[in-house]
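Working notes for the structure below.
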There are 2 protein chains.
Amino acid sequence: MTNSTNTISRFSIQETAELTGLSVHTLRYYEKIGLVPHIARDANKRRLYDEQDIGWLRFLRRMRISGMSIQTMKRFVQLTRSGDDSIQARCELLQEHRANLISHMEELKTCLTVLEDKIAFYEASFPLIRDQQDGKVKEK
Amino acid sequence: MTNSTNTISRFSIQETAELTGLSVHTLRYYEKIGLVPHIARDANKRRLYDEQDIGWLRFLRRMRISGMSIQTMKRFVQLTRSGDDSIQARCELLQEHRANLISHMEELKTCLTVLEDKIAFYEASFPLIRDQQDGKVKEK
DNA sequence: GCTTGACTTAGAGCGCACTCCAACTGTTAA
DNA sequence: TTAACAGTTGGAGTGCGCTCTAAGTCAAGC
């Protein structure tokens, strides 16, 4: 982090990639498609991200990981731009996403159970694997 | 389900799609790429899935939903084909997938928390939304 | 002055997992 | 017998979300 003051921190695209977990490619891509507004530039036209940008990017990344589509994120951004009147709509969008996320998590729980059952089946049919996992002697 | 006996059930591709949650396209696709072995055919070369096939397809679907790639599923199928010697390898593959799945589920939990916080923030800034959700009168 | 390296842009390319299409076959019902 | 319908095949097309390339700019260090 190469910032001159303690109060205002500005980050290069590389630093921002590290701070947010998004690749530099993705950072430019998100800006291009309008997910991120007007990133400040230095004298050489290089991007300078501030704390707020980092926060927003982190939020976007979380939404992506949790399965929100780029399309939906775009809609959310649009709503954000249209001021306080859209707060309710934004909230509803997030509530819908939450519902999707929760049901997806439920589904994953089912998958995990299926997976555990299958693993248990294999382990039962081949006890040596269990021993290995316990750190015991491996035999063939 | 148009089966003639109670003991041996055979299903058309359409029925199988309904029973497994996979599309007919996907069923053919999975067969083509070798995820599903030798599905029986009737006199007109139409696929006839049996209970075992259904079970296997359901398992595949679960693995896909939980994030296993087609590539990895192919590897698993290959191992299955190479007999009992591969039981350990198969088990390890599933254990690795389980680890991935669990860490993904953790990540989703974090996302959910972030999402809930954001929703709570919006709800706090616009109390009418809360009332609406509680089934109370909607006002503008 | 020259190279290195981190950045810029517009736009092309890619991998994944389907999804669909065209052309065909066979069964059933009117 | 003709139309509708459910299936078949090989192969093309699609949508998503990046990811990379080419060609260029600028600043710093040797």
Side-chain angles (χ1 to χ4, degrees), chain A residues 1-4 10-36 38-50 53 57 59-77 97 100 104 107 111, chain B residues 1-4 10-36 38-50 53 57 59-77 97 100 104 107 111:
Chain A
M1 322 217 176
T2 51
N3 24 302
S4 38
R10 307 209 160 255
F11 308 98
S12 73
I13 196 166
Q14 184 57 54
E15 289 163 340
T16 304
E18 281 153 24
L19 288 168
T20 60
L22 298 164
S23 75
V24 294
H25 294 299
T26 301
L27 288 172
R28 285 195 271 254
Y29 169 65
Y30 278 12
E31 191 178 337
K32 181 158 61 180
I33 65 173
L35 281 185
V36 182
H38 51 274
I39 298 298
R41 306 291 159 129
D42 69 7
N44 301 316
K45 295 185 171 184
R46 296 184 181 192
R47 288 168 181 82
L48 282 182
Y49 295 85
D50 63 22
D53 297 326
L57 288 165
F59 175 68
L60 287 184
R61 177 162 173 274
R62 282 281 156 225
M63 294 307 99
R64 272 298 299 136
I65 289 172
S66 58
M68 185 183 282
S69 72
I70 295 280
Q71 270 310 312
T72 305
M73 298 204 303
K74 275 185 184 172
R75 265 204 298 132
F76 187 74
V77 169
H97 180 56
N100 294 156
H104 182 57
E107 212 162 22
C111 292
Chain B
M1 321 209 177
T2 52
N3 25 301
S4 38
R10 306 204 161 258
F11 308 96
S12 74
I13 196 165
Q14 185 58 53
E15 289 163 339
T16 304
E18 281 153 25
L19 288 169
T20 60
L22 297 164
S23 74
V24 295
H25 294 299
T26 300
L27 288 171
R28 286 195 271 253
Y29 168 65
Y30 279 11
E31 191 179 340
K32 183 157 60 177
I33 64 172
L35 281 186
V36 183
H38 49 274
I39 297 297
R41 308 288 159 130
D42 69 7
N44 300 316
K45 296 187 172 182
R46 295 184 181 192
R47 289 169 181 80
L48 282 181
Y49 296 84
D50 63 22
D53 297 326
L57 287 165
F59 175 68
L60 287 185
R61 177 161 173 275
R62 282 279 156 226
M63 294 305 100
R64 272 298 297 134
I65 288 172
S66 58
M68 185 181 282
S69 71
I70 297 279
Q71 271 310 313
T72 304
M73 299 204 302
K74 275 185 181 171
R75 266 203 297 132
F76 187 74
V77 169
H97 180 56
N100 293 157
H104 183 58
E107 213 163 23
C111 292

Think A:R41 has a side-chain N or O under 4.0 angstrom from the OP1 or OP2 of D:dT25?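 For D:dT25, OP1/OP2 do not have a side-chain N/O of A:R41 under 4.0 Å.
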Could you run through nucleotides 11-20 of chain D and give me one letter per nucleotide, 5' to 3': B if any protein heavy atom sits under 4.0 Å from the base, S if only the sugar-phosphate is that close, - if neither? B-----BBBB
Suppose we screen for side-chain contact (heavy atoms from CB on, under 4.5 Å). Which residues come up paired with B:Y29, at least two apart in sequence or across chains?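 If we apply the side-chain contact (heavy atoms from CB on, under 4.5 Å) test to B:Y29, skipping adjacent residues, the hits are B:I33, B:I70.
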Which residues share a side-chain contact (heavy atoms from CB on, under 4.5 Å) with A:K32, sequence neighbours left out: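 For A:K32 there are no side-chain contact (heavy atoms from CB on, under 4.5 Å) partners, ignoring immediate neighbours.
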[X]: partners by side-chain hydrogen bond (donor to acceptor under 3.5 Å, both in side chains), with sequence neighbours left out:
X      : result
B:T20  : none
A:E107 : none
A:T16  : none

Regarding B:T72 and B:H97, do their side chains bring together a donor and an acceptor under 3.5 Å, going by distance alone?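 No pair is found: no donor N or O on one side chain lies under 3.5 Å from an acceptor on the other.
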Without decimals, in angstroms, what is the distance between [X] [atom1] and [N] [atom2]?
X     : N      : atom1 : atom2 : result
A:L27 : C:dA6  : CG    : P     : 16 Å
A:F11 : C:dA6  : CZ    : C1'   : 18 Å
A:Y49 : C:dT8  : OH    : C1'   : 12 Å
A:E15 : C:dG5  : CD    : C1'   : 15 Å
B:K74 : C:dG15 : NZ    : P     : 14 Å
B:I65 : C:dA17 : CD1   : P     : 14 Å
A:K45 : C:dA10 : NZ    : C1'   : 14 Å
B:I33 : C:dA17 : CD1   : C1'   : 8 Å

Residues that B:R41 engages under salt bridge (Lys or Arg N to Asp or Glu O under 4.0 Å), provided they are two or more places apart: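 With sequence neighbours excluded, B:R41 shows a salt bridge (Lys or Arg N to Asp or Glu O under 4.0 Å) to B:E31, given in chain and number order.
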Mind checking what makes salt bridge (Lys or Arg N to Asp or Glu O under 4.0 Å) contact with A:R62, not counting sequence neighbours?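 Salt bridge (Lys or Arg N to Asp or Glu O under 4.0 Å) check on A:R62 returns nothing, list empty.
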Checking contacts here: which listed nucleotide (C:dC7, C:dT8, D:dT8) is nearest the side-chain heavy atoms of A:R28?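 Minimum distance to the A:R28 side chain belongs to C:dT8.
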When rounded to the nearest 0.5 angstrom, what is the spacing between CG in B:L27 and CD in B:Q14?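 Between B:L27 CG and B:Q14 CD, I get 9.5 Å after rounding to 0.5 Å.
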Identify each atom pair where a protein N or O and an N or O of nucleotides 27-29 of chain C are less than 3.5 Å apart, giving names and distance.
from, atom 1, to, atom 2, distance (Å)
C:dT27, OP1, B:N44, OD1, 3.2

For B:R47, answer base if it contacts any base atom (sugar-phosphate contacts may also be present), sugar-phosphate if it contacts only those atoms, and nothing otherwise; contact means non-hydrogen atoms under 4.0 Å.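 Result for B:R47 = sugar-phosphate.
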